[in-house]
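Report on the structure given below.
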Amino acid sequence: MNSTFKLNSGHLIPLIGFGTYQIYGSELIYETLDYALKAGYRHIDTAVVYRNEEHIGNALKKLLPKYNLKREDIFITSKLISQVNKGEPFVEELVLKSLANLQTEYIDLYLVHWPGVSGLQVSHPDNVKYRKCTWNVLSRLHREGKCRSIGVSNYTVKHIRELLADCNGVRPAVNQVEWHPHHFQPELLELCRSEGIFLQAYSSLGTSGSTSLREDPVVVDIASRLGRSPAQVLLRWALQREIGILPKARSQNRIEENIALNFETPVEDLKLLDQLRDTCGAKYAWDPNTVV
């Protein structure tokens, strides 16, 4: 299963992507992407701070012909974080470096990775200035065709509304945020959908440093009754709401398991998963709510 969603930019994004956070090194990247492409993934998610764009570019150069694929058959996402005292030339330099590392003339989706600025206090008002600076560059590169779609990541309701009020004529296509039964924001989903912004989840399985989400008794019970793994139940929970997912894995078995989601979770079980936010909610990634 790897159906698509039409973004407000007009481009199709696969609902299931392959996350590459914390997957380093040319050999490991090649091996995991080989497994992923073989399993049917056609969306690869990376970022400047993941430090693996170059290895992904090298791997795809070899793997696309292996699977009789062309560049246009693959959807690539990357992201950048602004830095203090670095203006528009720096942002453009990062994007152009991503293009060079990935060995492609365009990136399907480029995101502002974080509403704050590296090297700047989250409470500093200049965060607003740097967000605007970054969006100005991305919107120009979008018009030039170097970034087919552009969007944001970790943006709250406040940050989304600020951007929509002054988006340089290019509305964000995607907001990528932490989203799982232990932590989700209905008001953010409502805003994004009302504004035509696709919501994409990361940390769908919690975090590699904690198994509490995958071992939640409710999740385990539903998985047992459906004959699925806890990971599949968590991923399917998001998909049935048309929220994109980006599971990452290193072993072939897990990579194949995470895309084998052709089943339906009963509505009653979805409601049980929804209730986990209030009964035992937990956030596993960074918190953008404090960023001015």
Side-chain angles (χ1 to χ4, degrees), residues 7 9 13 17-24 43-54 56 75-99 101-102 107-122 124 126-142 146-160 162-163 167-168 170-179 185 188 192 197-204 207 244-246 248 283-292:
L7 299 174
S9 60
I13 183 171
F18 183 69
T20 63
Y21 176 57
Q22 294 184 329
I23 301 179
Y24 308 111
H43 177 191
I44 300 164
D45 180 89
T46 183
V48 172
V49 298
Y50 295 177
R51 303 193 307 276
N52 59 16
E53 288 179 324
E54 185 175 5
I56 290 172
F75 192 101
I76 300 175
T77 296
S78 196
K79 328 172 191 70
L80 66 84
I81 299 178
S82 303
Q83 290 191 22
V84 67
N85 297 325
K86 300 287 188 178
E88 294 193 7
F90 173 77
V91 175
E92 181 171 7
E93 180 183 338
L94 285 184
V95 178
L96 294 180
K97 188 174 181 181
S98 291
L99 287 163
N101 284 339
L102 291 163
I107 292 178
D108 298 276
L109 176 65
Y110 213 101
L111 306 178
V112 183
H113 201 160
W114 178 247
V117 177
S118 178
L120 196 66
Q121 293 291 327
V122 294
H124 200 289
D126 278 357
N127 282 298
V128 177
K129 177 184 74 174
Y130 284 105
R131 281 198 295 273
K132 174 60 178 171
C133 163
T134 302
W135 193 256
N136 284 344
V137 176
L138 292 186
S139 58
R140 176 169 55 80
L141 294 176
H142 168 67
K146 293 182 175 68
C147 304
R148 298 186 73 190
S149 299
I150 59 175
V152 295
S153 180
N154 297 294
Y155 270 42
T156 65
V157 167
K158 174 188 69 176
H159 300 130
I160 289 286
E162 172 198 286
L163 176 56
C167 61
N168 204 26
V170 183
R171 297 166 67 84
V174 170
N175 187 19
Q176 188 184 113
V177 298
E178 181 179 358
W179 192 277
Q185 306 170 71
L188 180 63
C192 286
I197 302 169
F198 178 60
L199 196 75
Q200 194 175 48
Y202 71 77
S203 293
S204 294
T207 174
I245 55 173
L246 300 164
K248 70 179 179 68
K283 198 174 192 310
Y284 301 105
W286 47 2
D287 188 356
N289 285 292
T290 59
V291 179
V292 170

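Keep in mind it's a predicted model, so treat the numbers as computed, not measured. We're numbering straight along the sequence, starting at 1.
Contact detail for Ile81 and Gly116: the closest heavy-atom pair is CG2-O, 4.3 Å. Residues Val84 and Gly119 share a closest heavy-atom pair of CG1-O, 3.8 Å. When all heavy atoms are compared, the tightest approach of Ala285 to Tyr202 is CB-CE1, 3.7 Å. Across all their heavy atoms, Trp135 and Cys167 have their closest contact at NE1-O, 2.9 Å. Closest approach of Tyr110 to Leu94, counting heavy atoms only: OH-O, 3.9 Å.
Legend: salt bridge (Lys or Arg N to Asp or Glu O under 4.0 Å) pairs involving residues 112-121, not counting sequence neighbours: none detected.
For the pair Lys158/Val291, no side-chain contact is recorded, criterion being any heavy-atom separation below 4.5 Å from C-beta on. The side-chain heavy atoms of Asn154 and His113, taken from C-beta on, include a pair separated by under 4.5 Å. Side chains of Pro115 and Asn127 form no contact here, defined as non-hydrogen atoms less than 4.5 Å apart. At least one side-chain heavy atom of Val128 sits less than 4.5 Å from a side-chain heavy atom of Glu162. In this structure, the side chains of Thr20 and Tyr50 come closer than 4.5 Å at one or more pairs of heavy atoms. For the pair Leu188/Cys192, a side-chain contact is recorded, criterion being any heavy-atom separation below 4.5 Å from C-beta on. When side chains are defined from C-beta on, Leu109 does not count as touching Phe198, because their heavy atoms never get closer than 4.5 Å. Within the 4.5 Å cutoff, the side chain of Tyr155 has no heavy atoms near those of the Pro288 side chain.
With hydrogens and angles disregarded, no donor-acceptor distance shorter than 3.5 Å links the side chain of Asn175 to the backbone of Ile197. Remark: the backbone N or O of Thr77 is not paired with any side-chain donor or acceptor of Asp108 at under 3.5 angstrom. Under a 3.5 Å cut-off, the side chain of Glu53 and the backbone N or O of Asn101 do not form any donor-acceptor pair. Distance alone, capped at 3.5 Å, places no donor-acceptor pair between the Asn52 side chain and the Tyr21 backbone. Checking side-chain atoms of Lys79 against main-chain N and O of Thr46 turns up a donor-acceptor pair under 3.5 Å.
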Output, in order, the C-alpha distance, side-chain angles, deciding distance and verdict of side chain to side chain donor-acceptor pair (under 3.5 Å) for His159 and Thr156. CA-CA 5 Å; His159 300 130; Thr156 65; 2.9 Å; yes
Gln121 and Val292: side-chain contact (heavy atoms from CB on, under 4.5 Å), yes or no, with the steps? CA-CA 9 Å; Gln121 293 291 327; Val292 170; over 6 Å; no
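With sequence neighbours excluded, the residues forming a side-chain contact (heavy atoms from CB on, under 4.5 Å) with Asn136 are Glu88, Lys132, Asn168, listed by chain and number. With sequence neighbours excluded, no residue satisfies ring pair (Phe, Tyr, Trp, His ring centres under 6.0 Å) with Tyr24. In this structure, the side-chain hydrogen bond (donor to acceptor under 3.5 Å, both in side chains) partners of Gln176, at least two apart in sequence or on a different chain, are Asp45, Gln200. Residues passing the side-chain hydrogen bond (donor to acceptor under 3.5 Å, both in side chains) test with Ser9, sequence neighbours excluded: His11, Ser149. Annotation: side-chain hydrogen bond (donor to acceptor under 3.5 Å, both in side chains) contacts of Tyr130 (sequence neighbours excluded): none.
To the nearest 0.5 Å, atom CZ of residue Phe18 and atom NZ of residue Lys248 are 9.0 Å apart. Between Arg51 atom CZ and Ile23 atom CD1 the span is 13.5 Å, to the nearest 0.5 Å. The CD1 atom of Ile56 lies 10.0 Å from the OG atom of Ser98; values are rounded to the nearest 0.5 Å. Interatomic distance, CG of Leu80 versus CG of Leu138, reported as 5.5 Å (0.5 Å rounding). Within the model, atoms OG of Ser203 and CD1 of Ile245 stand 13.0 Å from one another, a figure rounded to the nearest 0.5 Å. Taking NZ from Lys97 and CG from Leu102, the interatomic distance works out to 12.0 Å, rounded to the nearest 0.5 Å.
Taking a cutoff of 4.0 Å between a charged side-chain nitrogen and a carboxylate oxygen, Lys86 and Glu93 do not qualify as a salt bridge.
The number of heavy-atom neighbours closer than 6.0 Å to CZ of Phe90, taken from other residues, nucleotides and ligands shown, is above 12.
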